[in-house]
Amino acid sequence: HFFHSNVSIPEDLLKNATSNPWSFFHQLSGCHAGEKYDGLAKLKSYFQYFGYIPNSLSNFTDDFDDSLESALRTYQQNFNLNITGQLDDQTVNHIVRPRCGNPDIVNGSSSMNSGKTHNTSSSHVHTVSH
Amino acid sequence: YSFFTGMPRWRKQALTYAFLPGNQLTDEVKTVFSRAFDRWSTVIPLTFTQADSINAADIGIGFYSGDHGDGEPFDGVLGTLAHSFSPPSGQFHLDGDENWVVTGDVRTSSLTTAVDLESVAVHEIGHLLGLGHSSVEESIMYPTISSRTKKVELADDDIQGIQVLYGSNPNYNGSSTTSVQEKETGSSGA
């Protein structure tokens, strides 16, 4: 479907403009590690598609397990989000954004933030009191 | 910036591109791709010329819906917008179900799912030339782009990355501007 800005958009498209295959993930906002929620398996598939969960893993469950938490941390690092390992609103809002289908991580290797040698994660900042 | 594993790149400077005949694209749509190629050829010594035959061209551009045979099916409106392959594959696939805005100001579109074609084209050409994704949000190679957003200017991060692969265009004066014109941050409502 090709359009010239907003002058030629059919009414029926305007009515059906809310479709997004990932909008379902909004329902998962606030889920916590160690719990089970309907739909988390679908989110794990999303992360596997973009390289955040190894292809060696399959038959995903709806458990908020270590693999999902690890994927979330790496994703948050790559996209400069707060690294919480949780499905907070900021992260979910980012996950549902339209994007390129190419993976961010290939065979565990990435040159995005998570592949850099330095670590900018706020969760890894160490302080010493004096 | 990042590269594909092994840093694959094109070994010739004059590349050709062609469109899938079945898409029957208008000249207006083809011009968008021409403009997107120009943005990269401004900073590197590669040229891009439209060819008639997709079989003979280095880069083949096609719009597809759903499963289109490469194991990476498209998913309808929004979600995955496009994907492309590292050199020297030259395969450039776009989701034919998207609501692509070809001309005009995408930010003013009344359609919340409107996606700016040139913005996605510039990003995917980066992949076709050998760039991977970047964590720099202002860069073209950042993986996400919201609907009703136009981002077509190469950022310093993009230019530095592509010039590692191909060197600089002798006529490039070294200046770049980053322009992100965003109406909304996607259907996320963020």
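Nearest approach of A/His94 to B/Thr144, heavy atoms of both residues: CE1-OG1, 3.8 Å. Taking all atoms of both residues into account, the shortest heavy-atom contact from B/Ser147 to A/Pro98 is N-CG, 4.2 Å. Closest approach of A/Gly101 to B/Thr80, counting heavy atoms only: CA-CG2, 3.4 Å. Closest heavy-atom contact between B/His133 and A/Pro103: ND1-O, 3.6 Å.
B/Met7 and B/Leu46 fall within a single hydrophobic cluster, where Ile, Leu, Val, Met, Phe, Trp and Tyr are joined by side-chain heavy atoms under 4.5 Å apart, directly or via other members. Neither B/Val136 nor B/Ile145 shares a network with the other; the hydrophobic side chains, linked directly or stepwise wherever heavy atoms of I, L, V, M, F, W or Y lie under 4.5 Å apart, form separate groups for each. Tracing side-chain contacts under 4.5 Å through hydrophobic residues (I, L, V, M, F, W, Y), one reaches A/Phe47 starting from A/Phe24; they form part of the same cluster. Cluster annotation: B/Leu128 is connected to B/Leu165 through the hydrophobic network of ILVMFWY side chains, with a link wherever side-chain heavy atoms come within less than 4.5 Å. Side-chain heavy atoms closer than 4.5 Å link hydrophobic residues (I, L, V, M, F, W, Y) into clusters, and following such links, even through other members, never connects B/Ile54 to B/Phe37.
Under the 3.5 Å distance criterion, the side-chain polar atoms of A/Asn80 are left unmatched by any main-chain donor or acceptor of B/Glu137.
Looking only at heavy-atom pairs under 4.5 Å with chain A, the residue among B/Asp95, B/Thr5, B/Val29, B/Val115 that has the most is B/Val29.
In this structure, the portion of A/Tyr49 lying under 4.5 Å from any heavy atom of chain B is its side chain and not its backbone. Looking at B/Phe74, there are no atoms closer than 4.5 Å to chain A (heavy atoms on both sides), in backbone or side chain. Both the backbone and the side chain of B/Glu72 come within less than 4.5 Å of a heavy atom in chain A. Only the side chain of A/Phe50 has a heavy atom closer than 4.5 Å to any heavy atom of chain B.
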**OP:** Begin from the C-alpha positions of A/Asn102 and B/Phe4 and carry the test side chain to side chain contact (heavy atoms under 4.5 Å, CB included) through to its verdict.
**Re:** CA-CA 11 Å; A/Asn102 286 30; B/Phe4 292 103; 4.1 Å; yes
**OP:** For A/Gln77 and B/Ser135, run side chain to side chain contact (heavy atoms under 4.5 Å, CB included): C-alpha distance rounded to whole Å, both residues' side-chain angles, the deciding distance at 0.1 Å, then the answer.
**Re:** CA-CA 9 Å; A/Gln77 187 179 0; B/Ser135 289; over 6 Å; no
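Side-chain contact between B/Val102 and A/Phe3: absent, with no pair of heavy atoms (C-beta onward) separated by less than 4.5 Å. Two residues are said to be in side-chain contact when any heavy atoms from C-beta on lie closer than 4.5 Å; B/Val101 and A/Phe2 fail this criterion. Considering only heavy atoms from C-beta on, B/His127 comes within 4.5 Å of A/Cys100 through its side chain.
A 6.0 Å sphere centred on CG of A/Asp66 holds no more than 12 heavy atoms belonging to other residues, nucleotides or ligands. Within a 6.0 Å sphere centred on CG of B/Asp38, heavy atoms belonging to other residues, nucleotides or ligands number more than 12.
Partner of A/Asn20 under the side chain to side chain contact (heavy atoms under 4.5 Å, CB included) criterion, out of B/Leu78, B/Asp75, B/Thr112, B/Thr113: B/Leu78 alone.
Applying the side chain to side chain donor-acceptor pair (under 3.5 Å) criterion to B/Asp116, with sequence neighbours excluded, gives B/Ser119, B/Lys150.
Note: B/Tyr142 OH to A/Met112 CE = 7.0 Å, rounded to the nearest 0.5 Å. Atom CG in A/Asn113 sits 10.5 Å away from atom OG in B/Ser2 (nearest 0.5 Å).
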